[in-house]
Enquirer: 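The structure's right below; bear with me while I get my questions together.
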2 protein chains.
Amino acid sequence: MPKREAAKPPSPADDAVMNDMTPCNNLALRQAARHVSQIYDRHMAEAGLRGSQYSILSKLSRLGALPIGRLAEAMVMDRTALGRALGPLERDKLIKVGEGPDGRTRSVSLTALGQTRLAEAAVLWRKAQDEFEARFGVVEAESLRATLKRVVNTV
Amino acid sequence: MPKREAAKPPSPADDAVMNDMTPCNNLALRQAARHVSQIYDRHMAEAGLRGSQYSILSKLSRLGALPIGRLAEAMVMDRTALGRALGPLERDKLIKVGEGPDGRTRSVSLTALGQTRLAEAAVLWRKAQDEFEARFGVVEAESLRATLKRVVNTV
DNA sequence: CATGGATACGTGCATATGCATGTATTGGCA
DNA sequence: TGCCAATACATGCATATGCACGTATCCATG
């Protein structure tokens, strides 16, 4: 039963900081997300977008106009969280949030400016994607995405 | 070349919302992280903690007192981000942020109350962990964590 | 047509996260 | 010893995220 001694020479406490294999799935996911997000954010910054904002514009482009709730679902995001995330995008005229067919529903859609910006950002996204996959591996990345999709769909 | 027609009967736009296999690693990671975080947060709420806070206390417990920068490293988190995240924990007396040996360094450590709370929360963490792994698979989860660790270490 | 439950949102609160910048200390060197 | 680069933080800003609630609509019924 080691693990309990207190007086250990002040030496390699360094390893401890990196070596532990966290058993927590939540922590593992958040760390990876934080880490990778920085890569995408760094590239996307050149277009004045966060990686997360690019994701929203991108998703919106692929799905076309749809109510907030639906978009939130597609983004695997809380409805209210998405609602606020739309703020900056609407302020910058990249998206339009108008009345939906239903009196309660609101319709979110890309503006022309939004489409343009998305196209510009797509180039930067590709760079970020390449940077990540160059180091992590293209095949491994595809496998990772499939696994993560299962995480979202299964649980 | 399908994919381009505009007038499709207003039918299964439903699929579109769920079916697309996003090629973006960043989005995939964030979605999974959001999704899983909710599970852990929900359980941890009973102890008045966020899943992320539990992670910090846990990490702190395993590493012992150490400067903010080091803890941030271990958490794979921006130093300033962690600095602020410590606020609520310090306010609730779960951790203590005191002077470090170095005039500039600050030392973060668990308080007795923090250790107690951590122990209580550990039970809830186990429930969350079980809930996730019951559906996703224990083996698969372990594999996922290993992969995510590689994401953090590699890139 | 009035009404209760279901829908689709918006708000108040509180945390979580990072970047750019500014500040205080340390340490090494001319 | 005096000065500068490196180190370790703190702050101002701006997003990102969710929960608990409260509100406006819609809809199916009696």
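Order of the sequence lines sets the chain letters (A, B, ...), proteins ahead of strands, with each chain counted from 1.
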Enquirer: Rounded to the nearest angstrom, tell me the gap between atom CE in A:Met75 and atom C1' in D:dT15.
Expert: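 Going from CE in A:Met75 over to C1' in D:dT15 covers 13 Å.
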Enquirer: Do B:Asn25 and A:Tyr40 meet the criterion of a side-chain donor-acceptor pair at a distance under 3.5 Å?
Expert: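 Yes, a side-chain donor-acceptor pair sits under 3.5 Å.
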Enquirer: Only one of A:Leu86, A:Leu82, A:Ile56 forms a side chain to side chain contact (heavy atoms under 4.5 Å, CB included) with A:Val108, so which one is it?
Expert: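 The residue from A:Leu86, A:Leu82, A:Ile56 that satisfies side chain to side chain contact (heavy atoms under 4.5 Å, CB included) with A:Val108 turns out to be A:Leu86.
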Enquirer: So if I define the base as every atom that isn't primed, P, OP1 or OP2, how would nucleotides 2-11 of chain D read as a B/S/- string at a heavy-atom cutoff under 4.0 Å?
Expert: ----BBSBBB
Enquirer: Taking the nucleotide of DNA chain D with the nearest heavy atom to each, does A:Ser52 or A:Gly103 sit closer to the 5' end?
Expert: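 It is A:Ser52 whose nearest nucleotide is closer to the 5' end.
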Enquirer: Quick check: do A:Thr116 and A:Thr111 have side-chain heavy atoms less than 4.5 Å from each other?
Expert: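 A side-chain contact under 4.5 Å is absent here.
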Enquirer: Quick one: ring pair (Phe, Tyr, Trp, His ring centres under 6.0 Å) pairs with a partner in residues 131-155 of chain B, sequence neighbours left out?
Expert: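 For residues 131-155 of chain B, and leaving out neighbouring residues, the ring pair (Phe, Tyr, Trp, His ring centres under 6.0 Å) pairs sorted by first residue read B:Phe132-B:Phe136.
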Enquirer: Taking A:Arg34 for its side chain and B:Val76 for its backbone only, find out whether a donor-acceptor pair lies under 3.5 Å.
Expert: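 Indeed, once roles are kept as given, a pair shorter than 3.5 Å links the two residues.
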Enquirer: Near DNA chain C, counting only heavy atoms under 4.0 Å, which residues of residues 24-50 of chain A show up?
Expert: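 Close to the strand are A:Arg30, A:Arg34, A:Gln38.
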Enquirer: Choosing from D:dT17, C:dA16, D:dT15, which nucleotide comes nearest the side chain of A:Met77?
Expert: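 Looking only at side-chain atoms, A:Met77 lies closest to D:dT17.
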Enquirer: For A:Leu82 and D:dG18, give me the distance from atom CG to atom P, rounded to whole Å.
Expert: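 Rounding to the nearest Å, CG of A:Leu82 and P of D:dG18 are 10 Å apart.
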Enquirer: Any side-chain donor paired with an acceptor under 3.5 Å for A:Arg62 and A:Ser58?
Expert: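 Note: A:Arg62 and A:Ser58 side chains meet the donor-acceptor criterion.
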Enquirer: Have A:Arg30 and B:Ser55 got a donor and an acceptor in their side chains that come within less than 3.5 Å?
Expert: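 Checked: A:Arg30/B:Ser55 side chains show no N/O donor-acceptor pair below 3.5 Å.
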Enquirer: Measure CG/A:Asp78 against P/D:dA20 and give the value in whole Å, please.
Expert: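 Rounded to whole Å, this separation is 10 Å.
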Enquirer: Does anything in residues 109-120 of chain A reach DNA chain D, meaning a heavy atom under 4.0 Å, and if so which residues?
Expert: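 Residues of residues 109-120 of chain A that come under 4.0 Å of DNA chain D do not exist, since none gets that close.
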Enquirer: In this structure, how many angstroms lie between the C1' atom of C:dT15 and the CG atom of B:Leu94, rounded?
Expert: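 For the pair B:Leu94 CG and C:dT15 C1', the rounded distance is 14 Å.
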Enquirer: Roughly how far, to the nearest 0.5 Å, is the CG atom of B:Leu113 from the CD1 atom of B:Ile95?
Expert: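 Here the rounded value is 11.5 Å.
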Enquirer: Atom CG of B:Leu57 to atom P of C:dA16: distance rounded to whole Å?
Expert: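 Taking atom P of C:dA16 as the reference, CG of B:Leu57 is at 11 Å.
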Enquirer: Among residues at least two apart in sequence or on other chains, which ones pass salt bridge (Lys or Arg N to Asp or Glu O under 4.0 Å) with A:Glu133?
Expert: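 Counting only residues at least two positions away or on another chain, A:Glu133 forms a salt bridge (Lys or Arg N to Asp or Glu O under 4.0 Å) with A:Arg126, A:Arg145.
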Enquirer: Calculate the interatomic distance between A:Glu99 atom CD and D:dA24 atom P; express it in whole Å.
Expert: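 From A:Glu99 CD to D:dA24 P: 14 Å.
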Enquirer: With A:Glu131, which residues qualify under salt bridge (Lys or Arg N to Asp or Glu O under 4.0 Å), at least two apart?
Expert: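 Once residues adjacent in sequence are excluded, the partners of A:Glu131 under the salt bridge (Lys or Arg N to Asp or Glu O under 4.0 Å) criterion are A:Arg42, A:Arg135.
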Enquirer: To the nearest Å, give me how far apart CG (B:Leu71) and P (C:dT17) are.
Expert: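 It works out to 12 Å between those atoms.
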Enquirer: Would you find a donor on one side and an acceptor on the other, under 3.5 Å apart, between the side chain of B:Gln53 and the backbone of B:Arg50?
Expert: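 Yes, because the side chain of B:Gln53 sits within donor-acceptor range (under 3.5 Å) of the backbone of B:Arg50.
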